[in-house]
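Written below as C-alpha coordinates is the structure these notes are about.
In what follows, every chain begins at residue 1, and chains take the letters A, B, ... in the order their sequences are listed.
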Amino acid sequence: MLAKRIIPCLDVDNGRVKKGINFVNLVDVGDPATIAAEYEKQGADELVFLDITATNQERRTMKEVVERVSSQVFMPLTVGGGIKSVEDMQELLRAGADKISLNSAAVATPELITAGAKKFGNQCIVVAIDVKRNVEKDYYEVYTHGGKTATGIDALGWAQKVVRLGAGELLVTSMDKDGTKSGFDIELYQKLSALVDVPIIASGGAGISTDFTDVFQESTVDGALAASVFHYGEITIPDLKKILKNQGVNVR
Amino acid sequence: MLSIIDYDAGNTFNVIKAFKYLGIEVQLTDNPEKIMKSSGLILPGVGAFGPAMETLEKKNLIGVIKEAVLVNKIPLLGICLGMQMLFEKSSEYGNHKGLGLIPGKISAIPEKSGLKVPQMGWNENHLKKDETDFEFIANEYTYFVHSYYAVCDKQYLISTVDYGVEIPAMVQNKNVFGTQFHPEKSGKVGLNILKTFSEKVVKQ
(Lines give C-alpha, C1' and ligand atoms only; values in the text may rest on other atoms or scores of the structure.)
Protein backbone atom coordinates (compact mmCIF):
# COMPACT_ATOMS: atom_id res chain seq x y z
CA MET A 1 0.00 0.00 0.00
CA LEU A 2 0.89 3.65 -0.35
CA ALA A 3 3.60 4.73 2.07
CA LYS A 4 3.10 7.66 4.42
CA ARG A 5 5.31 10.51 3.26
CA ILE A 6 7.97 12.29 5.28
CA ILE A 7 8.57 15.75 3.85
CA PRO A 8 11.29 18.23 4.82
CA CYS A 9 10.48 21.83 3.98
CA LEU A 10 13.15 24.30 2.87
CA ASP A 11 12.83 28.08 2.91
CA VAL A 12 14.65 29.60 -0.03
CA ASP A 13 15.63 33.25 -0.15
CA ASN A 14 17.17 34.59 -3.32
CA GLY A 15 18.36 31.15 -4.37
CA ARG A 16 19.81 30.03 -1.05
CA VAL A 17 18.31 28.01 1.75
CA LYS A 18 17.76 30.57 4.43
CA LYS A 19 17.77 28.79 7.74
CA GLY A 20 20.97 27.14 8.82
CA ILE A 21 21.01 23.46 8.16
CA ASN A 22 22.94 21.15 10.39
CA PHE A 23 23.34 17.67 9.05
CA VAL A 24 25.83 15.39 10.63
CA ASN A 25 28.31 15.81 7.82
CA LEU A 26 27.05 18.99 6.38
CA VAL A 27 27.08 22.16 8.41
CA ASP A 28 25.28 25.31 7.35
CA VAL A 29 25.41 24.95 3.61
CA GLY A 30 22.93 27.16 1.93
CA ASP A 31 22.89 25.49 -1.44
CA PRO A 32 19.43 24.03 -2.11
CA ALA A 33 20.72 21.29 -4.43
CA THR A 34 23.30 20.05 -1.91
CA ILE A 35 20.74 20.01 0.87
CA ALA A 36 18.15 18.31 -1.34
CA ALA A 37 20.67 15.61 -2.26
CA GLU A 38 21.42 15.01 1.41
CA TYR A 39 17.72 14.65 2.19
CA GLU A 40 17.34 12.24 -0.70
CA LYS A 41 20.16 10.17 0.73
CA GLN A 42 18.45 10.18 4.12
CA GLY A 43 15.26 8.81 2.56
CA ALA A 44 12.96 11.84 2.40
CA ASP A 45 9.92 11.05 0.26
CA GLU A 46 9.35 14.50 -1.13
CA LEU A 47 10.70 18.02 -0.73
CA VAL A 48 8.87 21.29 -0.40
CA PHE A 49 10.66 24.47 -1.42
CA LEU A 50 9.14 27.65 -0.17
CA ASP A 51 10.32 30.80 -1.91
CA ILE A 52 10.40 33.54 0.71
CA THR A 53 12.13 36.01 -1.58
CA ALA A 54 10.72 39.49 -1.29
CA THR A 55 11.20 40.87 -4.79
CA ASN A 56 10.18 39.70 -8.23
CA GLN A 57 13.69 40.26 -9.51
CA GLU A 58 15.04 37.72 -7.05
CA ARG A 59 12.13 35.41 -7.67
CA ARG A 60 13.54 34.49 -11.06
CA THR A 61 16.32 32.68 -9.31
CA MET A 62 13.79 30.20 -7.91
CA LYS A 63 13.38 28.79 -11.39
CA GLU A 64 17.13 28.17 -11.54
CA VAL A 65 17.04 26.57 -8.11
CA VAL A 66 14.32 24.14 -9.22
CA GLU A 67 16.20 23.46 -12.43
CA ARG A 68 19.38 22.65 -10.54
CA VAL A 69 17.74 20.57 -7.81
CA SER A 70 15.77 18.49 -10.30
CA SER A 71 18.95 17.74 -12.26
CA GLN A 72 20.49 16.04 -9.25
CA VAL A 73 17.65 14.86 -7.09
CA PHE A 74 15.05 12.44 -8.40
CA MET A 75 12.05 12.67 -6.15
CA PRO A 76 8.86 14.71 -6.13
CA LEU A 77 9.40 18.45 -5.64
CA THR A 78 6.75 20.90 -4.54
CA VAL A 79 7.42 24.59 -5.00
CA GLY A 80 5.49 27.41 -3.38
CA GLY A 81 5.75 31.08 -2.51
CA GLY A 82 4.81 34.07 -4.59
CA ILE A 83 3.19 32.16 -7.45
CA LYS A 84 0.55 34.43 -8.92
CA SER A 85 -0.31 33.16 -12.38
CA VAL A 86 -0.59 30.08 -14.57
CA GLU A 87 2.55 31.33 -16.34
CA ASP A 88 4.45 31.30 -13.02
CA MET A 89 3.27 27.71 -12.49
CA GLN A 90 4.27 26.67 -15.99
CA GLU A 91 7.76 28.12 -15.58
CA LEU A 92 8.36 26.19 -12.36
CA LEU A 93 6.87 22.95 -13.69
CA ARG A 94 9.03 23.23 -16.82
CA ALA A 95 12.03 23.81 -14.59
CA GLY A 96 11.34 20.49 -12.88
CA ALA A 97 8.77 21.04 -10.13
CA ASP A 98 6.11 18.35 -9.82
CA LYS A 99 3.62 20.28 -7.78
CA ILE A 100 2.83 23.93 -7.25
CA SER A 101 1.75 25.15 -3.85
CA LEU A 102 -0.59 28.13 -3.62
CA ASN A 103 -1.32 29.93 -0.38
CA SER A 104 -2.08 33.67 -0.25
CA ALA A 105 -2.66 33.74 -4.01
CA ALA A 106 -5.36 31.07 -3.68
CA VAL A 107 -7.21 33.23 -1.15
CA ALA A 108 -6.81 36.39 -3.23
CA THR A 109 -7.66 34.69 -6.53
CA PRO A 110 -9.41 31.32 -6.04
CA GLU A 111 -9.85 31.01 -9.84
CA LEU A 112 -6.10 30.47 -10.03
CA ILE A 113 -6.61 27.01 -8.47
CA THR A 114 -9.03 26.02 -11.21
CA ALA A 115 -6.94 27.50 -13.98
CA GLY A 116 -3.87 25.61 -12.78
CA ALA A 117 -5.77 22.35 -12.28
CA LYS A 118 -7.29 22.56 -15.76
CA LYS A 119 -3.97 23.19 -17.43
CA PHE A 120 -1.71 20.86 -15.44
CA GLY A 121 -4.09 18.43 -13.69
CA ASN A 122 -5.37 18.44 -10.09
CA GLN A 123 -2.39 16.40 -8.93
CA CYS A 124 -0.13 19.40 -9.70
CA ILE A 125 -1.99 21.87 -7.54
CA VAL A 126 -1.41 21.90 -3.80
CA VAL A 127 -3.23 24.47 -1.71
CA ALA A 128 -1.34 25.41 1.43
CA ILE A 129 -3.56 26.58 4.26
CA ASP A 130 -2.21 28.29 7.38
CA VAL A 131 -4.72 27.74 10.16
CA LYS A 132 -5.10 29.30 13.58
CA ARG A 133 -7.85 28.57 16.02
CA ASN A 134 -9.98 31.65 16.64
CA VAL A 135 -10.85 31.07 20.27
CA GLU A 136 -13.21 33.99 20.60
CA LYS A 137 -15.45 32.97 17.73
CA ASP A 138 -14.67 29.25 18.05
CA TYR A 139 -13.52 28.29 14.57
CA TYR A 140 -10.36 27.51 12.60
CA GLU A 141 -9.32 30.67 10.79
CA VAL A 142 -7.28 30.91 7.58
CA TYR A 143 -4.24 33.18 7.67
CA THR A 144 -2.25 34.44 4.69
CA HIS A 145 1.02 36.25 3.97
CA GLY A 146 3.16 33.94 6.02
CA GLY A 147 0.71 33.88 8.91
CA LYS A 148 0.56 37.66 9.25
CA THR A 149 -2.91 38.34 7.90
CA ALA A 150 -6.11 36.98 9.42
CA THR A 151 -8.75 36.49 6.74
CA GLY A 152 -11.90 35.67 8.69
CA ILE A 153 -12.30 32.62 6.45
CA ASP A 154 -13.30 29.32 8.04
CA ALA A 155 -10.51 26.83 7.28
CA LEU A 156 -12.74 23.76 7.10
CA GLY A 157 -15.04 25.41 4.59
CA TRP A 158 -12.06 26.79 2.68
CA ALA A 159 -10.52 23.33 2.43
CA GLN A 160 -13.71 21.96 0.89
CA LYS A 161 -13.92 24.90 -1.46
CA VAL A 162 -10.36 24.61 -2.78
CA VAL A 163 -10.85 20.89 -3.42
CA ARG A 164 -14.00 21.70 -5.39
CA LEU A 165 -11.97 24.28 -7.32
CA GLY A 166 -9.38 21.67 -8.26
CA ALA A 167 -6.77 21.36 -5.50
CA GLY A 168 -5.27 17.87 -5.59
CA GLU A 169 -3.62 18.05 -2.21
CA LEU A 170 -3.78 20.18 0.93
CA LEU A 171 -0.76 21.24 2.94
CA VAL A 172 -2.22 22.35 6.23
CA THR A 173 -0.10 24.14 8.79
CA SER A 174 -1.40 24.59 12.31
CA MET A 175 -0.09 27.96 13.46
CA ASP A 176 -1.11 27.10 17.00
CA LYS A 177 1.30 24.19 16.92
CA ASP A 178 4.00 25.57 14.62
CA GLY A 179 7.24 26.10 16.48
CA THR A 180 5.91 24.60 19.73
CA LYS A 181 7.36 21.11 19.17
CA SER A 182 4.35 19.76 21.03
CA GLY A 183 3.04 17.47 18.31
CA PHE A 184 0.79 17.87 15.29
CA ASP A 185 -2.73 19.27 15.62
CA ILE A 186 -4.39 15.88 15.28
CA GLU A 187 -7.90 17.13 15.92
CA LEU A 188 -7.64 19.56 13.02
CA TYR A 189 -6.54 16.78 10.65
CA GLN A 190 -9.29 14.45 11.81
CA LYS A 191 -11.85 17.15 11.06
CA LEU A 192 -10.34 17.94 7.67
CA SER A 193 -10.03 14.29 6.62
CA ALA A 194 -13.73 13.78 7.24
CA LEU A 195 -14.52 16.62 4.85
CA VAL A 196 -12.18 16.22 1.87
CA ASP A 197 -10.92 13.23 -0.07
CA VAL A 198 -7.63 14.57 -1.42
CA PRO A 199 -4.29 13.83 0.29
CA ILE A 200 -3.57 15.98 3.34
CA ILE A 201 -0.09 16.87 4.53
CA ALA A 202 0.17 17.76 8.21
CA SER A 203 2.54 20.56 9.18
CA GLY A 204 3.44 22.38 12.35
CA GLY A 205 4.35 21.05 15.77
CA ALA A 206 6.78 18.20 15.09
CA GLY A 207 9.19 17.90 18.00
CA ILE A 208 9.98 14.24 18.52
CA SER A 209 9.60 11.11 16.41
CA THR A 210 6.49 9.90 18.19
CA ASP A 211 4.69 13.07 17.07
CA PHE A 212 4.82 11.58 13.57
CA THR A 213 3.62 8.18 14.78
CA ASP A 214 0.71 9.88 16.55
CA VAL A 215 -0.46 11.91 13.59
CA PHE A 216 -0.29 8.89 11.27
CA GLN A 217 -2.04 6.57 13.69
CA GLU A 218 -4.72 8.95 14.88
CA SER A 219 -5.60 10.64 11.63
CA THR A 220 -5.58 9.64 7.97
CA VAL A 221 -3.08 12.26 6.76
CA ASP A 222 -0.90 11.09 3.90
CA GLY A 223 2.25 12.89 4.84
CA ALA A 224 3.86 14.96 7.53
CA LEU A 225 6.07 17.97 6.94
CA ALA A 226 8.65 19.53 9.18
CA ALA A 227 11.56 21.91 8.86
CA SER A 228 13.75 22.64 11.85
CA VAL A 229 13.70 19.19 13.49
CA PHE A 230 15.11 17.77 10.26
CA HIS A 231 17.42 20.69 9.49
CA TYR A 232 19.07 20.60 12.90
CA GLY A 233 19.27 16.83 12.99
CA GLU A 234 17.03 16.58 16.06
CA ILE A 235 15.16 13.93 14.15
CA THR A 236 16.93 12.06 11.37
CA ILE A 237 14.78 10.54 8.68
CA PRO A 238 16.30 7.01 8.82
CA ASP A 239 15.68 6.86 12.58
CA LEU A 240 12.21 8.28 12.21
CA LYS A 241 11.29 5.74 9.56
CA LYS A 242 12.59 2.90 11.68
CA ILE A 243 10.40 4.03 14.57
CA LEU A 244 7.37 4.45 12.31
CA LYS A 245 7.91 1.00 10.80
CA ASN A 246 8.15 -0.57 14.26
CA GLN A 247 4.87 1.07 15.15
CA GLY A 248 3.21 -0.43 12.08
CA VAL A 249 3.12 2.75 10.00
CA ASN A 250 3.75 1.98 6.33
CA VAL A 251 6.80 3.96 5.23
CA ARG A 252 9.22 3.55 2.40
CA MET B 1 21.25 6.40 -29.54
CA LEU B 2 18.23 6.45 -27.29
CA SER B 3 15.43 8.72 -28.44
CA ILE B 4 12.87 10.38 -26.25
CA ILE B 5 9.79 10.88 -28.37
CA ASP B 6 9.01 14.59 -28.50
CA TYR B 7 5.31 15.35 -28.30
CA ASP B 8 5.30 17.99 -25.53
CA ALA B 9 4.70 15.53 -22.69
CA GLY B 10 4.93 17.21 -19.30
CA ASN B 11 7.66 15.06 -17.81
CA THR B 12 9.98 15.09 -20.83
CA PHE B 13 12.58 17.38 -19.29
CA ASN B 14 12.77 15.48 -16.02
CA VAL B 15 13.25 12.25 -17.95
CA ILE B 16 16.08 13.87 -19.93
CA LYS B 17 17.66 15.10 -16.68
CA ALA B 18 17.63 11.59 -15.25
CA PHE B 19 19.43 10.20 -18.32
CA LYS B 20 21.91 13.06 -18.23
CA TYR B 21 22.59 12.37 -14.56
CA LEU B 22 23.26 8.74 -15.47
CA GLY B 23 25.63 9.82 -18.25
CA ILE B 24 23.46 8.18 -20.89
CA GLU B 25 23.17 10.02 -24.16
CA VAL B 26 19.63 10.70 -25.35
CA GLN B 27 18.07 12.81 -28.07
CA LEU B 28 14.67 14.46 -27.96
CA THR B 29 13.08 14.02 -31.35
CA ASP B 30 9.88 13.71 -33.37
CA ASN B 31 11.78 13.01 -36.57
CA PRO B 32 10.62 9.66 -38.06
CA GLU B 33 14.04 8.85 -39.52
CA LYS B 34 15.82 9.45 -36.24
CA ILE B 35 13.20 7.43 -34.39
CA MET B 36 13.61 4.51 -36.79
CA LYS B 37 17.39 4.55 -36.32
CA SER B 38 17.28 4.70 -32.53
CA SER B 39 18.72 1.96 -30.35
CA GLY B 40 15.84 2.42 -27.93
CA LEU B 41 12.79 4.62 -27.50
CA ILE B 42 11.32 6.39 -24.50
CA LEU B 43 7.70 7.51 -24.55
CA PRO B 44 7.12 9.93 -21.67
CA GLY B 45 3.68 11.17 -20.69
CA VAL B 46 1.68 13.10 -18.15
CA GLY B 47 -1.95 14.15 -18.41
CA ALA B 48 -4.97 12.76 -20.20
CA PHE B 49 -4.98 9.83 -22.65
CA GLY B 50 -7.15 11.31 -25.44
CA PRO B 51 -5.27 14.57 -26.01
CA ALA B 52 -1.90 12.78 -25.80
CA MET B 53 -2.88 10.25 -28.50
CA GLU B 54 -4.23 13.13 -30.59
CA THR B 55 -0.89 14.90 -30.35
CA LEU B 56 0.94 11.75 -31.44
CA GLU B 57 -1.48 11.44 -34.35
CA LYS B 58 -1.10 15.08 -35.37
CA LYS B 59 2.63 14.60 -35.40
CA ASN B 60 2.17 11.45 -37.52
CA LEU B 61 4.07 9.48 -34.91
CA ILE B 62 1.67 6.57 -34.30
CA GLY B 63 2.64 4.63 -37.42
CA VAL B 64 6.31 5.48 -36.90
CA ILE B 65 6.35 4.19 -33.32
CA LYS B 66 4.50 1.00 -34.30
CA GLU B 67 6.85 0.29 -37.19
CA ALA B 68 9.94 1.02 -35.09
CA VAL B 69 8.78 -1.40 -32.40
CA LEU B 70 7.10 -4.14 -34.47
CA VAL B 71 9.24 -4.18 -37.62
CA ASN B 72 12.60 -2.80 -36.52
CA LYS B 73 12.21 -4.45 -33.08
CA ILE B 74 13.49 -1.37 -31.28
CA PRO B 75 12.92 -1.63 -27.51
CA LEU B 76 10.54 0.96 -26.11
CA LEU B 77 9.90 2.15 -22.57
CA GLY B 78 6.66 4.02 -21.89
CA ILE B 79 6.46 6.08 -18.70
CA CYS B 80 3.23 6.81 -16.79
CA LEU B 81 0.75 8.02 -19.44
CA GLY B 82 3.33 6.85 -22.00
CA MET B 83 2.91 3.36 -20.53
CA GLN B 84 -0.88 3.57 -20.65
CA MET B 85 -0.75 4.59 -24.31
CA LEU B 86 0.96 1.28 -25.13
CA PHE B 87 -2.31 -0.55 -24.47
CA GLU B 88 -5.23 -1.01 -26.87
CA LYS B 89 -7.72 1.48 -25.47
CA SER B 90 -8.66 3.75 -22.61
CA SER B 91 -11.94 4.90 -21.10
CA GLU B 92 -10.53 8.15 -19.72
CA TYR B 93 -13.04 10.90 -20.67
CA GLY B 94 -14.63 8.90 -23.49
CA ASN B 95 -13.20 5.98 -25.43
CA HIS B 96 -9.81 6.32 -27.05
CA LYS B 97 -7.63 4.01 -29.08
CA GLY B 98 -4.10 3.44 -27.86
CA LEU B 99 -1.00 2.22 -29.65
CA GLY B 100 -2.05 -1.41 -29.16
CA LEU B 101 1.46 -2.69 -28.47
CA ILE B 102 0.37 -4.53 -25.31
CA PRO B 103 -3.01 -6.33 -25.11
CA GLY B 104 -5.24 -4.75 -22.48
CA LYS B 105 -7.10 -1.58 -21.62
CA ILE B 106 -6.87 1.44 -19.35
CA SER B 107 -9.66 1.87 -16.78
CA ALA B 108 -10.38 4.17 -13.85
CA ILE B 109 -9.04 3.08 -10.45
CA PRO B 110 -12.19 1.86 -8.65
CA GLU B 111 -13.21 4.19 -5.83
CA LYS B 112 -13.12 2.30 -2.58
CA SER B 113 -13.58 3.73 0.86
CA GLY B 114 -10.42 5.21 2.26
CA LEU B 115 -8.54 5.18 -1.03
CA LYS B 116 -7.91 8.50 -2.61
CA VAL B 117 -7.84 8.91 -6.38
CA PRO B 118 -5.40 9.81 -7.88
CA GLN B 119 -3.02 7.41 -6.26
CA MET B 120 -0.22 9.83 -5.41
CA GLY B 121 2.89 8.69 -3.59
CA TRP B 122 5.30 5.81 -3.07
CA ASN B 123 3.97 2.27 -3.32
CA GLU B 124 5.71 -1.09 -2.95
CA ASN B 125 6.37 -3.29 -5.98
CA HIS B 126 5.55 -6.98 -5.96
CA LEU B 127 7.57 -8.90 -8.51
CA LYS B 128 5.40 -10.91 -10.92
CA LYS B 129 7.95 -12.23 -13.40
CA ASP B 130 10.57 -14.88 -12.71
CA GLU B 131 13.20 -13.95 -15.20
CA THR B 132 13.65 -10.28 -15.82
CA ASP B 133 16.45 -7.73 -15.90
CA PHE B 134 14.26 -5.69 -13.57
CA GLU B 135 14.18 -8.22 -10.75
CA PHE B 136 15.70 -5.60 -8.42
CA ILE B 137 12.33 -3.82 -8.33
CA ALA B 138 11.01 -6.48 -5.93
CA ASN B 139 9.80 -4.88 -2.67
CA GLU B 140 11.07 -1.45 -3.71
CA TYR B 141 8.89 1.64 -3.52
CA THR B 142 8.38 3.75 -6.63
CA TYR B 143 6.53 7.03 -7.14
CA PHE B 144 3.04 7.04 -8.67
CA VAL B 145 0.66 9.78 -9.76
CA HIS B 146 -2.36 8.42 -11.65
CA SER B 147 -6.12 7.98 -11.68
CA TYR B 148 -6.32 5.27 -14.35
CA TYR B 149 -4.61 1.90 -14.51
CA ALA B 150 -3.89 -0.94 -16.90
CA VAL B 151 -6.10 -4.00 -16.96
CA CYS B 152 -4.14 -6.76 -18.69
CA ASP B 153 -3.26 -10.44 -18.62
CA LYS B 154 -0.74 -11.44 -15.98
CA GLN B 155 1.74 -12.64 -18.60
CA TYR B 156 2.54 -8.96 -19.27
CA LEU B 157 3.30 -8.08 -15.66
CA ILE B 158 6.78 -7.46 -14.31
CA SER B 159 5.52 -5.93 -11.06
CA THR B 160 2.33 -4.72 -9.43
CA VAL B 161 1.37 -2.57 -6.46
CA ASP B 162 -1.63 -2.89 -4.17
CA TYR B 163 -4.04 0.04 -4.17
CA GLY B 164 -7.36 -1.62 -3.40
CA VAL B 165 -6.94 -3.35 -6.75
CA GLU B 166 -3.76 -4.90 -8.10
CA ILE B 167 -2.21 -2.16 -10.21
CA PRO B 168 0.32 -3.07 -12.91
CA ALA B 169 3.41 -1.05 -12.04
CA MET B 170 5.81 -2.36 -14.65
CA VAL B 171 4.72 -4.24 -17.77
CA GLN B 172 6.36 -5.91 -20.72
CA ASN B 173 5.31 -7.44 -24.01
CA LYS B 174 8.45 -8.63 -25.81
CA ASN B 175 10.48 -5.48 -26.61
CA VAL B 176 7.82 -3.13 -25.26
CA PHE B 177 8.15 -2.02 -21.63
CA GLY B 178 6.15 0.36 -19.52
CA THR B 179 6.16 1.80 -16.02
CA GLN B 180 3.04 3.26 -14.45
CA PHE B 181 5.30 4.95 -11.92
CA HIS B 182 7.75 7.75 -12.67
CA PRO B 183 11.27 6.29 -12.74
CA GLU B 184 12.57 9.86 -13.09
CA LYS B 185 11.03 10.62 -9.67
CA SER B 186 11.65 7.31 -7.92
CA GLY B 187 15.11 7.87 -6.51
CA LYS B 188 17.82 5.25 -6.96
CA VAL B 189 15.45 2.45 -8.00
CA GLY B 190 13.94 4.65 -10.67
CA LEU B 191 17.33 5.61 -12.05
CA ASN B 192 18.26 1.94 -12.06
CA ILE B 193 15.20 1.16 -14.21
CA LEU B 194 16.34 3.71 -16.80
CA LYS B 195 19.93 2.46 -16.61
CA THR B 196 18.92 -1.18 -16.96
CA PHE B 197 16.66 -0.39 -19.89
CA SER B 198 19.43 1.48 -21.70
CA GLU B 199 22.23 -0.95 -20.89
CA LYS B 200 20.63 -4.39 -20.80
CA VAL B 201 17.44 -4.19 -22.84
CA VAL B 202 18.76 -1.88 -25.53
CA LYS B 203 21.40 -3.52 -27.72
CA GLN B 204 24.60 -1.54 -27.57
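Ranked by heavy-atom pairs under 4.5 Å with chain B, the first of Gly223(A), Gly121(A), Pro199(A), Ser193(A) is Pro199(A). Contact count versus chain B (heavy atoms, under 4.5 Å) is highest, among Glu46(A), Arg94(A), Met75(A), Arg5(A), for Met75(A). Among Leu191(B), Val145(B), Val161(B), the residue making the largest number of heavy-atom pairs under 4.5 Å with chain A is Leu191(B). Counting heavy-atom pairs closer than 4.5 Å to chain B, the top-ranked of the candidates Val251(A), Asn250(A), Leu77(A), Asp98(A) is Asp98(A).
Between Phe144(B) and Phe181(B), the ring planes are perpendicular. Angles over 60° get that label, and only those under 30° would be called parallel. Ring-plane geometry between Phe212(A) and Phe184(A) is classed as perpendicular, the angle between the planes exceeding 60 degrees on a 0 to 90 degree scale with a lower cut at 30.
In this structure, Ile237(A) CD1 and Ile7(A) CD1 are separated by 10.0 Å, a value rounded to the nearest 0.5 Å.
Of the two parts of Lys116(B), the backbone and the side chain both hold a non-hydrogen atom closer than 4.5 Å to a non-hydrogen atom of chain A. Contacts of Glu40(A) with chain B are made by side-chain atoms alone, with heavy-atom separations under 4.5 Å and no backbone atom involved. Looking at Ile167(B), there are no atoms closer than 4.5 Å to chain A (heavy atoms on both sides), in backbone or side chain. Contacts of Tyr143(B) with chain A are made by side-chain atoms alone, with heavy-atom separations under 4.5 Å and no backbone atom involved. Using a 4.5 Å cut-off between heavy atoms, Asn122(A) makes no contact with chain B at all. Neither the backbone nor the side chain of Lys41(A) comes within contact range of chain B; no heavy atom of the residue lies under 4.5 Å from a heavy atom of that chain. Both the backbone and the side chain of Glu67(A) come within less than 4.5 Å of a heavy atom of chain B.
Just one residue in the list Ile83(A), Asp51(A), Val65(A) forms a side chain to side chain contact (heavy atoms under 4.5 Å, CB included) with Leu92(A), and that residue is Ile83(A). Among the candidates Val64(B), Ile74(B), Asp6(B), the single residue satisfying the side chain to side chain contact (heavy atoms under 4.5 Å, CB included) test with Ile35(B) is Val64(B). Among Asp162(B), Thr160(B), Thr142(B), Thr179(B), the single residue meeting the side-chain hydrogen bond (donor to acceptor under 3.5 Å, both in side chains) criterion with Asn125(B) is Thr142(B). Evaluated for a side-chain hydrogen bond (donor to acceptor under 3.5 Å, both in side chains) with His182(B), the options Lys185(B), Glu184(B), Gln180(B) yield exactly one hit, Glu184(B).
Between Asp45(A) and Lys241(A), at least one side-chain nitrogen of the basic residue sits less than 4.0 Å from a carboxylate oxygen of the acidic one, meeting the salt-bridge criterion.
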